[in-house]
Amino acid sequence: MKNAMRKAAVGIAALMLAIPLLVGADGIKSLREHAVGDVEQAPENHREIRDAGGPLPRDFVQQPPLIPHSVQNYQVTTNYNKCMDCHSWSRAAATGATKVSLTHFRDRDGRELSTLSARRYFCLQCHVPQTDAKPLVENEFKRAPGM
Amino acid sequence: MSNDTENKPLWRRIRGVVFGTSGLAFLLGIVFWGGFNTVMEWTNTEQFCISCHEMQANVYQEYRNTIHYNNRTGVRAVCSDCHVPKEWGPKMIRKLYASNELLHHFLGTVDTPDKFNAKRAQLAQNEWRRMKRSDSQECRNCHNFAFFDYGEQAGRAARMHQEGFAAGKTCIDCHKGIAHRLPAIDQGIGESEPGALPQEVLHSTSLK
């Protein structure tokens, strides 16, 4: 029994070592249908995103809402956060922008804060401008049933 | 020949001198005025501005990421388009003030990025004040808001522009830090940098 297992293990190990040699880097394709050793497909020349009519609906409850406007050259630095110039609670009334969510006032230990949590400072880490980009590969993603 | 000239009546000689002098003055005027203007124009070029490393290493690098540096059509606004008035009088006054900048260049007041950032709030406010006083004339040299097509503008831009103009605001009242990094500003969203400016400086409600 032990002997058989050892033989099988050696066999699997040998196979795993052999596969890359047999297939070679050129044979393996990335998800974007390119050989992994190849140059990625050149990005299409994209135009600046102009302000959309309104935000696209979310696809699942936890999804960070998309940004329905251009954020080109927005400064989000230690000095200044351009997003918060409209979306902070003190500015939202004057600008008519959506107020930053309550969930952003909680630190990682779940404690409620009176101001924006430092871990939520970089808006564009989660929120991205919406665009009509075509999917690079076919996929079966469906909107969550609850939405 | 020489006898002839000496024999000319006095009034003709005076006329010759007057015409000769004024002609010479006229020619010299063209040369000096042309030279003066050429030098003046040369000090308005981007190359001249970034020949000082204070400008080259700090504000110029920030400006390179913005729409006034490069854009779809290649129509640019270089340093002087925003920072030097086009009208002769205000331009001369600005150029006179520039001698103070020359002094601080030699004193080395902002010759490192750290020194520059320490002074950023003060320098930015100087420029905001100047723009406010001139009703953002340098913006309006290109962006004439009498000809804004609100149908072409994005919804929020069209709304904010019309509200702003109705309240008597000028470009710089809202559009700060469009070509350079902003100084630290206390936005009321957590701990702010030491020495941060109050949020009111960004959205002044006072009329022009």
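Reminder, nothing fancy here: chain letters follow the sequence lines and each chain counts from 1.
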Handout entry: Between CZ on residue B/R120 and CG on residue A/N79, distance to nearest 0.5 Å
Key = 7.0 Å

Exercise for the section: Count the heavy atoms belonging to other residues, nucleotides or ligands that lie under 6.0 Å from CZ of A/F141, then report whether that count exceeds 12. Expected result: yes

Handout entry: Top of B/I185, B/L197, B/N117, B/I178 for chain A proximity - count of heavy-atom pairs under 4.5 angstrom
Key = B/I185

Completion exercise
When rounded to the nearest 0.5 Å, the distance separating CG of A/N73 from CD1 of B/I67 is 7.0 Å

Problem - Gap separating the CZ atom of A/R91 from the CD atom of B/Q199, nearest 0.5 angstrom - result: 6.0 Å

Completion exercise
Bottom line for A/S90: the part with an atom under 4.5 Å from chain B's heavy atoms is side chain

Handout entry: Part of A/F105 within contact of chain B (heavy atom distance under 4.5 Å)
Key = neither

Handout entry: Under 4.5 Å from a heavy atom of chain A, the part of B/R159 involved
Key = side chain

Exercise for the section: Would you indicate whether B/F165, at its atom CZ, is surrounded by more than 12 heavy atoms from other residues, nucleotides or ligands within a distance under 6.0 Å? Expected result: yes

Fill in the blank from the handout: dist B/N71:CG -> A/Q72:CD (nearest 0.5 Å) comes out at 10.0 Å

Practice task
Identify the two heavy atoms, one from B/Q187 and one from A/D85, that lie closest to each other, and give their separation to 0.1 Å.
Solution key: NE2-N, 3.8 Å

Problem - Enclosure of B/K115 NZ (heavy-atom neighbours >12, cutoff 6.0 Å) - result: yes

Problem - chain A contacts, top residue of B/A196, B/G177, B/P183, B/A184 (heavy-atom pairs, under 4.5 Å) - result: B/A184

Practice task
Please flag which part of A/T95 lies under 4.5 Å from any non-hydrogen atom of chain B: side chain, backbone, both or neither.
Solution key: both

Handout entry: Heavy atoms of other groups near B/W42 CH2, more than 12 under 6.0 Å
Key = no

Practice task
Could you tell me whether B/R94 atom CZ has more than 12 heavy atoms of other residues or ligands within 6.0 Å of it?
Solution key: yes

Fill in the blank from the handout: Interatomic distance, CD@B/E62 vs CD@A/Q75, rounded to 0.5 Å, equals 8.0 Å

Exercise for the section: State, to 0.1 Å, how close B/G188 and A/T115 come at their nearest heavy-atom pair, and which atoms those are. Expected result: O-CG2, 4.3 Å

Practice task
Count the heavy-atom pairs under 4.5 Å between each of B/L182, B/N65, B/T66 and chain A, then report the option with the highest count.
Solution key: B/L182

